[in-house]
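In what follows, every chain begins at residue 1, and chains take the letters A, B, ... in the order their sequences are listed.
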Protein chains: 2
Amino acid sequence: MHNLAISIRISSDLFIKDPESTDLGKRIISKSIELLDELGFEGFTFKKLGAAIGSPESSVYRYFESKHKLLIYLVCWYWSWIEYKMVFGTINKSSDLERLKTAIEILTKPIKVDNSFIHVNEVLLNKIVVSEATKVFHTKAVDEENDQGYFAVYKRIVQRVSDLISAINPDYKYPNMLVTTVIEGAHQQVYFADHLSSITDKKRGKNRVYNFYTELVCKMIS
Amino acid sequence: MHNLAISIRISSDLFIKDPESTDLGKRIISKSIELLDELGFEGFTFKKLGAAIGSPESSVYRYFESKHKLLIYLVCWYWSWIEYKMVFGTINKSSDLERLKTAIEILTKPIKVDNSFIHVNEVLLNKIVVSEATKVFHTKAVDEENDQGYFAVYKRIVQRVSDLISAINPDYKYPNMLVTTVIEGAHQQVYFADHLSSITDKKRGKNRVYNFYTELVCKMIS
DNA sequence: CAAATATAATGGTATTACTATCACTTTCCA
DNA sequence: TGGAAAGTGATAGTAATACCATTATATTTG
């Protein structure tokens, strides 16, 4: 697909001015993805971002209240994109089990470039989500930010997959726990493979994360 | 057990002066656990810690190089304590399966107070590990810190449980992935139950995390 | 062309994370 | 018992961070 006439909609509480609405905004998104990947969340600052796009720090603050909000924005964008892929990927499948397997595939297999969104590098964004997304949740402000609805997309994805599981096996007791175990676990396995490889099973090939979690879900609900 | 004549040994790379060696050191540990729980890692500073123990910031810096190192120290302490509980809890079991179940119990059931270590509140420390420990890993310095051996205890625990699994079923392909899925997943479920309860299965009772992951491991390796 | 909007440029504040210095006190051991 | 060594307190200082505010200059739009 090329340059679809769709766009990812993000809650307007997450930005001051919609970055999609201007050229500078898009450059902010695009460069912040590169810089977050390069420097990590702690090393990343609006000053460095400003320097990278040739604008002052204050211009960035016109779009985002804080770097934390920017991170949430990007993570939300990511999950919205995943949801969109999940909806379109499962729509024409013939059974719930097929749909479930596709969903798990989307959640666990490596990300491929998607040229539909020019200013977003999904492969890099995935790397950021893998290594930084826990910082979105693990904050003293979680509850407040949850009330604001910042995690709605994420929760909706969990619900979707959970519903598929319940459709296949209505008696299975822990559909939500199973889904979050898969989603978070898959990212964690990728991170461990990169940084603590002795505690993964790296030899098991390229699709081991997908294979492991697919087997896990199938065994649990059967 | 009361005041056992054992102590948890932590790599001396993690501190400048051993906090176990002085009274002030022990108060630093004890208060930092309380404050980290209260303020979260981001809100926690050595200045506030100093104020809480009635000492200047600079005294804290004589024990720990940075608050990041202090967090690693505490997380290491926690995993060392868990390892100790695992070793003593499994030693007199009659089969590998029994040992495995005990290990999973220790990793997934709520923590109880342990009066063996007066200056450490294990229940609070567990809360800190649940909500802040990902920050130990998710840093641009992971690889370096891994090389320094800071994560050795954690990796050893994974290895122990993984070995039990391989002893029970030598053909199971993903023992490491299974173990890390359980360890990290169990903490995550506790955190989600507290802050994003819609994506857990809270109704399933008090031991749902233990039951879920025990069932998961047993089904996977059988 | 005027009005509105977007951006640049600059400066400022409070806080953080950390370092350095000096003085006082306690311990220890020769 | 006297004197070094170790532990702590008190104070000051620095560079960087995360932000905010103001003014001036472009750029767009109606």
Rounded interatomic separation in angstrom, taking OH from A:Tyr63 and C1' from C:dT5: 10 Å
Aromatic ring proximity B:Tyr191/B:His195, centre distance under 6.0 Å: yes
Criterion ring pair (Phe, Tyr, Trp, His ring centres under 6.0 Å) against B:Tyr154, the qualifying member of B:Phe137, B:Tyr78, B:Trp77: B:Phe137
Charged tip of A:Lys67 within 45° of A:Phe46 ring normal and under 6.0 Å: no
Nucleotides 9-30 of chain D: protein proximity per nucleotide (B base, S sugar-phosphate only, - neither; heavy atom, under 4.0 Å): BBB------SB-B---------
When you look at [atom1] of [X], are more than 12 heavy atoms from neighbouring residues, nucleotides or ligands closer to it than 6.0 Å?
{"X": "B:Lys69", "atom1": "NZ", "value": "yes"}
{"X": "B:Asp23", "atom1": "CG", "value": "no"}
{"X": "A:Lys109", "atom1": "NZ", "value": "yes"}

Result of checking A:Asp37, A:Ile29, A:Leu36 against A:Ile33 for side-chain contact (heavy atoms from CB on, under 4.5 Å): A:Ile29
Stretch residues 14-23 of chain A: residues that reach within less than 4.0 Å of DNA chain C through a heavy atom: A:Lys17, A:Thr22
Presence of salt bridge, B:Lys135 and A:Glu42, under 4.0 angstrom: no
